[in-house]
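For reference, positions follow the sequence shown, starting with 1. Values below: all heavy atoms of this structure, side chains included; hydrogens, waters and symmetry mates excluded.
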Amino acid sequence: MIRKSQWRRAALCFLLIACASSLAPEARADEVIGVASAVRNNVSGSLPTGEVQINVGENVIRNEIVKTASESWTKLVFSDSTNLSVGPNAIVRLSNFVSTGPSSYGKATVDIAKGAFRFVTGHSEKRAYEINTGVATIGVRGTVFDGDSETGKTKLHVASGAVVVHTKKGKVCDIKAGQSVVISDIACTPIAGFDPGFPSEFTGVQEFAEVQAGAQGFFGAQTPSMFIAPTAAIGGAVAGGVAAGVSNNSSNGGGSSSQQQSLYLFLANHNRPASP
């Protein structure tokens, strides 16, 4: 006769295998799109697992909704070295990132529901990026521009390069370096100037390689046991079991180190401690 404990063990093993399969390196590579290189005060992210705190050096995920509180800022550096700084009381969704290589995107869309932002293009084709606000879509032509999305309007200043604006009602505006406009859903009206007021640490341009090591070096496969307790506590017994299983494989020489490290990275970043 098969005991109940044996049934439970068999069911748990099946669940762990299914979970490990779903956490394949390819899936994680498709999800992680960049790193938070600078954070001041309260910045959070909305993931399918819930609301999480974003700290310096943590990965950001495709489709993650990033929120800043009052007097709070963050700078995100994407894997193609595009820099996006976000000001206080902002809501930004990192949607529709389609990779064409390890450091380039064929399509990348950022939705700015509200708040100030500074955008600096990286190594992807400039036209790959689109910035959506409540009144318009901003097509990127390079290289640096500031904006502020508010209800019914968006302020925009192009520091260098150019952008093309398509308003919700079909107006097309070409904004060149040195020009500032306020955009409604029907027009782009020139203004004297616009300064989003970012602190200096959020205006410098960073290459992804500069922040990648700091963000990911903590999650080394050589010390896998460090993830078991927090993952089990936060992600539940299944996630904890996967981490533990990978830890045992590492100590026994089983499994590839790249697959193990991908599992640690995935679990650590998708189970960040929830905001208090």
task = May I have the step-by-step check of side chain to side chain contact (heavy atoms under 4.5 Å, CB included) for Val35 and Leu76, ending in yes or no?
result = CA-CA 6 Å; Val35 173; Leu76 310 178; over 6 Å; no
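- If you look at Tyr105 and Phe78, their ring centroids are not closer than 6.0 Å.
- Annotation: side chain to side chain contact (heavy atoms under 4.5 Å, CB included) contacts of Ala162 (sequence neighbours excluded): Arg141.
- At least one donor-acceptor pair closer than 3.5 Å links the side chain of Lys75 to the backbone N or O of Gly204.
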task = Step by step, work out the side chain to side chain donor-acceptor pair (under 3.5 Å) result for Glu207 and Ser81.
result = CA-CA 5 Å; Glu207 291 285 324; Ser81 295; 3.0 Å; yes
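- Side-chain atoms of Lys126 and Thr121 include a donor-acceptor pair closer than 3.5 Å.
- The nearest pair of heavy atoms linking Gly87 to Trp73 is CA-CD1, 3.6 Å.
- Screening Ile61, Ile65, Val60 for a side-chain contact (heavy atoms from CB on, under 4.5 Å) with Leu94, the sole residue that qualifies is Val60.
- When hydrophobic clusters are built by joining Ile, Leu, Val, Met, Phe, Trp and Tyr residues whose side-chain heavy atoms come closer than 4.5 Å, directly or via intermediates, Phe202 is not grouped with Val211.
- When the options Glu201, Gln206, Glu58 are evaluated for a side chain to side chain donor-acceptor pair (under 3.5 Å) with Ser37, the one that passes is Gln206.
- Side-chain contact of Thr154 with Thr133: a donor-acceptor pair under 3.5 Å is present, judged by distance alone.
- With no hydrogens or angles considered, no side-chain donor-acceptor pair links Gln53 and Ser44 at under 3.5 Å.
- Residue pairs meeting the disulfide bond (SG atoms under 2.5 Å apart) criterion with at least one partner in residues 133-181, sequence neighbours excluded, are Cys173-Cys188.
- Side-chain contact check for Asp111 and Ser95: at least one donor-acceptor pair (N or O, by modelled atom type) lies under 3.5 Å.
- Leu47 is listed as a side-chain neighbour of Glu64, based on a closest heavy-atom distance under 4.5 Å.
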